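Since the structure is predicted, the reported quantities are computational estimates derived from the model, not experimental observations. We count residues from 1, following the sequence as given.
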Amino acid sequence: MNGQPLPLWLDIAISAVVLCGALIAFMGSLGLLRLKSYFERVHAPSIIATMGCWCVMHGALVYFSVQEGFLALHVLLIALFVAITVPVTSIFLMRAALFRARRSGEAVPQSLSRMTGSGEDRDS
């Protein structure tokens, strides 16, 4: 279908999936505004990047695959890159913030690597 307009039903389906991704991104952005601490706010962008990206990716995959006449693998590669890098980056950012909060004396959970034995042993 090179250069041909898409059928109306396919246009509507692709638009609905892309709008769903945009709505998820908007809700995640609201989460950034509403949540108070950094440790609460760090989850909202992760949801935006994964769920929103995957919805937009599915819409783009269908659109470009139909337009070009073959599977658009470049869209899958972008989504795969986002799916790998977002969780890793979030973990590193959370660990850095937790380390910084502990160093400044804020009340944060105890390190799991320092916990030994059962719950009663930790108090002594």
Side-chain angles (χ1 to χ4, degrees):
M1 291 187 69
N2 295 347
Q4 300 273 341
L6 296 176
L8 181 61
W9 65 270
L10 190 56
D11 259 346
I12 292 171
I14 291 171
S15 299
V17 172
V18 171
L19 283 174
C20 180
L23 181 65
I24 291 169
F26 179 70
M27 289 188 312
S29 299
L30 290 178
L32 280 173
L33 294 174
R34 293 190 63 222
L35 298 172
K36 307 234 182 303
S37 74
Y38 173 78
F39 297 106
E40 293 171 345
R41 284 192 305 251
V42 76
H43 296 289
S46 299
I47 292 170
I48 292 170
T50 52
M51 292 177 65
C53 173
W54 281 94
C55 286
V56 172
M57 183 272 309
H58 281 92
L61 177 68
V62 171
Y63 177 80
F64 288 115
S65 295
V66 170
Q67 283 290 65
E68 297 172 3
F70 56 89
L71 187 61
L73 291 177
H74 64 283
V75 177
L76 292 173
L77 291 175
I78 294 169
L80 180 67
F81 177 75
V82 169
I84 291 171
T85 57
V86 166
V88 172
T89 305
S90 295
I91 288 170
F92 283 136
L93 287 172
M94 283 188 281
R95 283 185 167 204
L98 191 59
F99 177 77
R100 188 175 196 183
R102 283 190 184 125
R103 297 279 297 203
S104 66
E106 294 178 31
V108 292
Q110 183 180 359
S111 173
L112 292 176
S113 62
R114 293 189 182 149
M115 291 184 194
T116 58
S118 65
E120 298 83 34
D121 295 338
R122 283 182 283 165
D123 295 333
S124 56

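The CD atom of Glu106 lies 12.5 Å from the OH atom of Tyr38; values are rounded to the nearest 0.5 Å. To the nearest 0.5 Å, atom CG of residue Leu61 and atom CG of residue Leu73 are 8.5 Å apart.
Ile84 belongs to a hydrophobic cluster with Leu80, counting contacts under 4.5 Å between side-chain heavy atoms of Ile, Leu, Val, Met, Phe, Trp and Tyr, direct or through other members.
Scanning for side-chain contact (heavy atoms from CB on, under 4.5 Å) contacts around Ala13 gives an empty result, with sequence neighbours left out. Shown here are the side-chain contact (heavy atoms from CB on, under 4.5 Å) partners of Leu35, two or more places apart in sequence or in another chain: Glu40, Arg41.
In this structure, Trp54 is a member of the same hydrophobic cluster as Ile14, with clusters built from ILVMFWY side-chain heavy atoms closer than 4.5 Å. With hydrophobic clusters built from ILVMFWY side chains whose heavy atoms lie under 4.5 angstrom apart, Leu71 does not share a cluster with Ile78. One hydrophobic cluster, built from ILVMFWY side chains closer than 4.5 Å, holds both Leu6 and Val62. If you chain together hydrophobic residues whose side chains sit under 4.5 Å apart, Leu10 and Tyr63 fall into the same group. Under the 4.5 Å side-chain contact rule for hydrophobic residues, Trp9 and Val66 share a cluster.
Applying the side chain to side chain donor-acceptor pair (under 3.5 Å) test to every pair with at least one member in residues 81-95, sequence neighbours left out, gives these pairs: Ser46-Ser90. The list of ring pair (Phe, Tyr, Trp, His ring centres under 6.0 Å) pairs with a residue in residues 74-108, not counting sequence neighbours, reads Phe64-His74.
Of all heavy-atom pairs spanning Pro87 and Ala83, the tightest one is CD-O, 3.1 Å.
Residue Met51 places its CE atom among 12 or fewer non-hydrogen atoms of other residues, nucleotides or ligands, all under 6.0 Å distant.
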Donor-acceptor pairs are to be reported for all side-chain atoms of residues 15-32 against protein atoms at under 3.5 Å, with residues two or more places apart or in another chain.
unit_1, atom_1, unit_2, atom_2, d
Ser15, OG, Asp11, O, 2.7
Ser29, OG, Ala25, O, 3.0

